[in-house]
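Please read the structure below before turning to the comments.
Order of the sequence lines fixes the chain letters, A, B, ..., with proteins taken first and strands second; residue numbering starts at 1 for each chain.
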Amino acid sequence: MSLHGLNLQHLSFGYGADPVLKNVTFSVERGSFCALFGPNGAGKTSLFSLLTRLVTTPTGRIEIAGIDLQKSPRAALAKMGIVFQQMTLDLDLSVRRNLSYYAALRGLSGREAERRIDAALDRLDLMDRAKVRARDLNGGHRRRTEIARALLHDPEILFLDEPTVGLDPASRAAITEHVHALCAEDGLTVLWATHLMDEVRPEDDLVILDRGEVLAHDTASRIAGDRSIEQVFLEMTSAAT
Amino acid sequence: MSGYLVALQAIILREVLRFVAQRGRFIAALVRPLVWLLVFAAGFRSALGLSIIPPYSTYVTYEVYIVPGLCGMVQLFNGMQSSLSLVYDREMGSMRLLLTSPLPRWWLLFSKLIAGTAVSILQVYAFLAIAAAFGIVMPFSGYILVLPVLLLTGLMMGALGLALSSTIRQLENFAGVMNFVIFPAFFLSSALYPLWKMAESSTLLYRICAVNPFTNAVEAIRFALYGQANLPALAWTLLALGVFLGLALVGYDPARGLSRRRASGG
């Protein structure tokens with residue numbers, strides 16, 4: 001077993017001669033919150049597609065909770081919960097139906113599925129909306145439903161690809177708070193992609209990705225020093241050009 | 001094994017629930033063949049003389065002749081729509097959700113296919129019921145015997161849609177699919193006219209029609225509706241299913257195909 005929740009080694013990926021990710025190497029300790037910070041086009045979504053095995057690459061290695069994604073894809077997928085950037089709820093179905101569909105995709109059914117759905121709804125304060133159609137939820141609650149769903153099968157690691165895009169500031173803060181709490185209370189490993197620095201706390205792990213390369217990896221406070229992350233980031237990227 | 005069946009059941013249930021929730025889609029799926037049956041066929045019946053060919057044992061009116069072809073059309077549209085909506089609309093997200101399940105990918109795609117086919121069968125029976133209400137009635141046993149054939153033909157056309165959705169990028173909208181897949185498949189088939197009519201006009205076109213999987217699907221449905229098994233047509237449909245399914249599996253292989261191209265976001 002690895003101490004790492006997530007371990008990436010020398011990951012490269014591209015379309016033809018156009019590299020999207022270049023030798024990406026970093027690891028995230030079990031139970032920590034890691035923010036993956038980068039502007040649009042930095043390669044965050046490509047990295048998420050690799051991590052969730054929507055695509056594969058012949059170079060490099062990905063370990064999810066100690067399991068090699070290439071060698072044992074299904075065991076590794078079973079360990080992860082995913083919140084995609086694009087909303088993936090069935091808008092015509094109720095919150096509960098959305099969750100039970102997902103549970104079934106993970107092989108859960110009957111009472112066990114019901115019990116877990118109740119627990120997940122409770123954890124994300126969604127119990128009173130269980131019967132509401134997803135279409136009738138606001139953006140913040142839709143996202144929360146997706147997070148509740150991603151936790152149904154007790155994953156060890158949670159991937160979130162810019163989960164607050166399009167949300168109002170209050171919902172954004174609430175979701176960020178929720179996921180930080182999950183990390184602190186349940187020991188969940190979290191990889192949170194964002195281009196908004198106010199979602200990152202000083203004690204969080206921070207990976208800065210730009211044009212497919214990791215520019216820095218440390219705690220946010222150490223990377224920033226006495227300046228703001230944005231300032232540091234702008235300096236790094238201007239130095240790179 | 002139970003995990004597999006749990007997922008299959010859920011995927012079918014989801015597809016059926018969504019279908020029920022989207023009434024517009026259901027109505028559109030019924031109006032299309034009914035326009036052909038009640039308008040086109042009415043105007044066309046006098047222009048086309050039909051001789052007695054198997055499986056018919058007597059003269060049939062043109063409306064009766066085109067019913068199997070329209071059943072095929074319902075399934076063809078459904079197969080294309082369910083797969084294409086998957087690629088080009090919001091449905092892409094739900095495909096991601098499906099593909100990141102820890103079950104084997106071939107099983108997930110197969111389950112998706114079964115679910116789409118189940119919906120297409122519901123549409124076909126609704127169409128047959130309305131046709132019967134207008135007096136176009138098949139032998140009763142035909143309605144039952146056609147079920148396994150509809151399962152096969154529905155799977156074949158769904159697999160075609162899935163293969164297209166994963167491999168062909170140029171078909172950016174439904175109009176493209178109409179022009180390059182649905183219309184050629186439909187008009188180069190025995191759906192609207194018996195193939196011997198086509199042979200009179202052009203041998204080349206006749207040969208294309210004869211190998212068209214859609215022709216074979218329509219003939220399999222036509223014979224089943226009259227209680228007969230058209231074995232060559234069934235075999236050809238099965239073969240086409242195998243080929244399309246193979247292409248779909250290659251297309252959805254994570255090392256290539258659709259998901260790779262779609263990953264090029266931020």
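- Applying a 4.5 Å heavy-atom cutoff, none of the residues of residues 139-147 of chain A approach chain B.
- Between atom CZ of residue B:Arg96 and atom CD1 of residue A:Ile82 there is a gap of 10.5 Å, rounded to the nearest 0.5 Å.
- In this structure, chain B has heavy atoms under 4.5 Å from both the backbone and the side chain of A:Leu105.
- Listed options A:Lys79, A:Arg133, A:Arg53, A:Met80 were ranked by heavy-atom pairs under 4.5 angstrom with chain B; first place goes to A:Arg53.
- For the atom pair CG of B:Leu99 and OG of A:Ser49, the computed distance is 11.0 Å after rounding to the nearest 0.5 Å.
- In this structure a side-chain-to-backbone donor-acceptor pair under 3.5 Å is missing from A:Thr88 to B:Leu97.
- Heavy atoms closer than 4.5 Å to chain A are found in the side chain of B:Gln22, but not in its backbone.
- Using a 4.5 Å cut-off between heavy atoms, A:Arg97 contacts chain B through its side chain alone, with no backbone atom that close.
- With a 4.5 angstrom heavy-atom cutoff, B:Leu8 does not touch chain A via any of its atoms.
- A donor-acceptor pair under 3.5 Å is absent between the side-chain atoms of A:Arg74 and the main chain of B:Leu103, judged by distance alone.
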Please table the atom pairs, donor to acceptor, closer than 3.5 Å between any side-chain atom in residues 237-246 of chain B and protein atoms at least two apart or in another chain.
{"unit_1": "B:Thr237", "atom_1": "OG1", "unit_2": "B:Ala233", "atom_2": "O", "d": "2.6"}

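- For residues 88-116 of chain A, the pairs satisfying ring-ring contact (aromatic ring centres under 6.0 Å, His included) are A:Tyr102-A:His153, with sequence neighbours left out.
- Between B:Val20 and A:Asp92 there is no side-chain heavy-atom pair separated by less than 4.5 Å.
- Residues of residues 110-121 of chain A lying under 4.5 angstrom from chain B, judged on non-hydrogen atoms, do not exist here.
- For A:Leu108, the part lying near chain B is the backbone, with the side chain staying farther off; criterion is any non-hydrogen pair under 4.5 Å.
- When all heavy atoms are compared, the tightest approach of B:Thr100 to A:Leu77 is O-CD2, 3.8 Å.
- Contacts between B:Ala10 and chain A at a heavy-atom distance below 4.5 Å involve backbone atoms as well as side-chain atoms.
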